[in-house]
Amino acid sequence: MADDGQIEGVVDYIFEAGLLKRAKRTGWWIAGVKDPESIADHSHRTALIGAVLALMEGADPAKVALLAVLHDSQETRVGDIPYLGRRYLTAASNQKVTADQVAETPDAVRDGIQRIVDDYEAGDSLEVVVAHDADKLDCLFQAIEYREQGNQNTQQFIDSMLAVLSTASAKVIASAALNRSSQEWHAPHMGRQDRHV
């Protein structure tokens with residue numbers, strides 16, 4: 001069993017992660033989105049996309065989802081530095097930030113989370129490739145949704161995400177997403193009365 005200090009370290013890590021629910025993604029602000037999604041919003045759908053992509057690509061969906069959940073967790077400490085801002089700033093690596101975030105947690109937690117982040121940042125397994133594609137696909141989907149709300153500045157995000165997708169499944173999904181409205185998913189269900197209600 002972990003000692004009291006390590007349990008406090010776990011509690012602190014969980015409270016810190018809660019900041020991701022309030023911290024907004026800055027790239028969307030730059031594009032003129034007035035109330036952009038939070039980092040946690042992005043991580044949630046990235047994990048879901050990652051699990052789906054993993055199933056389509058023959059990768060481990062649980063591992064991909066976990067990689068995706070943790071991929072931006074460091075932004076509680078360094079913020080969501082937009083692509084343009086990275087030209088002017090030198091930030092600590094995500095591995096270093098993670099090491100500081102989990103330093104006071106039990107060894108199993110510290111080592112496990114560090115291993116996952118190290119893998120996302122430097123690994124080359126199918127799961128890592130799929131997790132990176134999931135990150136890009138979520139950005140593409142979000143850009144389409146913001147474009148539908150009238151923000152034409154998001155086209156650059158769509159174009160740049162399309163250019164960096166790796167897996168065949170991600171490319172097929174992206175292509176299909178570009179040819180559908182974000183509201184089409186519920187159209188067949190409108191006005192339908194479920195018999196099991």
Side-chain angles (χ1 to χ4, degrees), residues 13 16-17 20 23 25-28 37-103 105-144 154 156-178:
Y13 180 69
E16 181 176 343
L20 298 172
R25 302 228 324 142
T26 57
W28 299 126
E37 68 177 335
S38 73
I39 296 164
D41 294 333
H42 164 65
S43 294
H44 173 265
R45 188 161 65 177
T46 298
L48 181 89
I49 292 169
V52 169
L53 272 180
L55 291 166
M56 293 174 74
E57 289 288 322
D60 178 348
K63 181 173 181 181
V64 173
L66 187 55
L67 288 163
V69 164
L70 294 174
H71 86 282
D72 280 341
S73 59
Q74 306 77 19
E75 292 180 6
T76 59
R77 302 229 173 158
V78 297
D80 180 26
I81 303 169
Y83 184 75
L84 180 61
R86 293 173 196 206
R87 292 175 54 191
Y88 306 100
L89 301 172
T90 303
S93 71
N94 283 344
Q95 295 96 320
K96 167 119 177 58
V97 175
T98 298
D100 289 346
Q101 288 174 314
V102 297
T105 63
D107 294 350
V109 173
R110 183 190 67 234
D111 296 345
I113 291 175
Q114 190 69 55
R115 191 170 42 253
I116 293 160
V117 171
D118 290 347
D119 196 21
Y120 183 84
E121 295 297 329
D124 61 357
S125 68
L126 178 58
E127 285 76 15
V128 170
V129 172
V130 169
H132 282 274
D133 268 4
D135 180 32
K136 304 308 181 222
L137 267 181
D138 178 62
C139 187
L140 181 135
F141 272 75
Q142 191 63 61
I144 291 169
T154 62
Q156 64 185 329
F157 290 88
I158 294 169
D159 296 340
S160 62
M161 294 305 106
L162 284 172
V164 296
L165 294 172
S166 297
T167 63
S169 297
K171 291 174 185 179
V172 169
I173 290 170
S175 177
L178 292 170

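In this structure a side-chain-to-backbone donor-acceptor pair under 3.5 Å is missing from E75 to A23. Side-chain N or O atoms of R25 include none that pairs as donor or acceptor with a backbone N or O of D80 at under 3.5 Å. Looking only at distances, no side-chain donor or acceptor of T154 sits under 3.5 Å from a matching main-chain atom of F157. Side-chain atoms of Q142 never come within 3.5 Å of backbone atoms of H42 as a donor-acceptor pair (strictly under, hydrogens ignored). For the pair T46 (side chain) and D135 (backbone), a donor-acceptor distance under 3.5 Å is absent.
For the residue pair T98 / Q114, no side-chain donor-acceptor distance below 3.5 Å is found, with atom types taken as modelled. Counted by atom type alone, T76 and Q101 present one or more donor-acceptor pairs between their side chains at under 3.5 Å. Side chain to side chain, N94 and H71 fail the donor-acceptor criterion of an N or O pair below 3.5 Å.
In this structure, SG on C139 lies 7.5 Å from CD on E37, to the nearest 0.5 angstrom. We find the CG-CG distance between L48 and L137 to be 11.5 Å, quoted to the nearest 0.5 Å. Rounding to the nearest 0.5 Å places CG of D138 at 10.5 Å from CE of M161. In this structure, CD on Q74 lies 7.0 Å from CG on D72, to the nearest 0.5 angstrom. Residue R115 holds its CZ atom at 6.5 Å from CG of D111, rounded to the nearest 0.5 Å.
For L165 against D133, the heavy-atom pair with the smallest separation is CA-OD1, 3.5 Å. What you find for P61 and A51 is that their closest heavy atoms are CB-O, 3.7 Å. Between E127 and D60 the shortest heavy-atom distance is OE2-N, 3.0 Å. Residues A170 and L53 come closest through the heavy atom pair N-CD2, 3.6 Å. In this structure, S169 and E57 approach most closely via the heavy-atom pair OG-OE2, 2.6 Å. Minimum interatomic distance between V64 and A59 (heavy atoms only, all atoms of both residues): CG2-CB, 4.4 Å.
Residues V78 and L89 fail the side-chain proximity criterion, which asks for heavy atoms closer than 4.5 Å. Looking only at side-chain heavy atoms (C-beta outward), I113 and Y13 come within less than 4.5 Å of each other. The shortest side-chain heavy-atom distance between V128 and D124 does not fall under the 4.5 Å cut-off. At least one side-chain heavy atom of R87 sits less than 4.5 Å from a side-chain heavy atom of L84. When side chains are defined from C-beta on, I173 counts as touching M56, because their heavy atoms get closer than 4.5 Å.
Here D100 pairs with K96 in a salt bridge; the nearest charged N to carboxylate O distance falls below 4.0 Å.
Among I116, V130, D119, the one residue that satisfies the side-chain contact (heavy atoms from CB on, under 4.5 Å) test with K63 is D119.
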Check: Are D107 and R110 close enough, and set up right, to give a salt bridge (charged side-chain N to carboxylate O under 4.0 Å, His left out), and what steps lead you there?
Finding: CA-CA 5 Å; D107 294 350; R110 183 190 67 234; 2.9 Å; yes
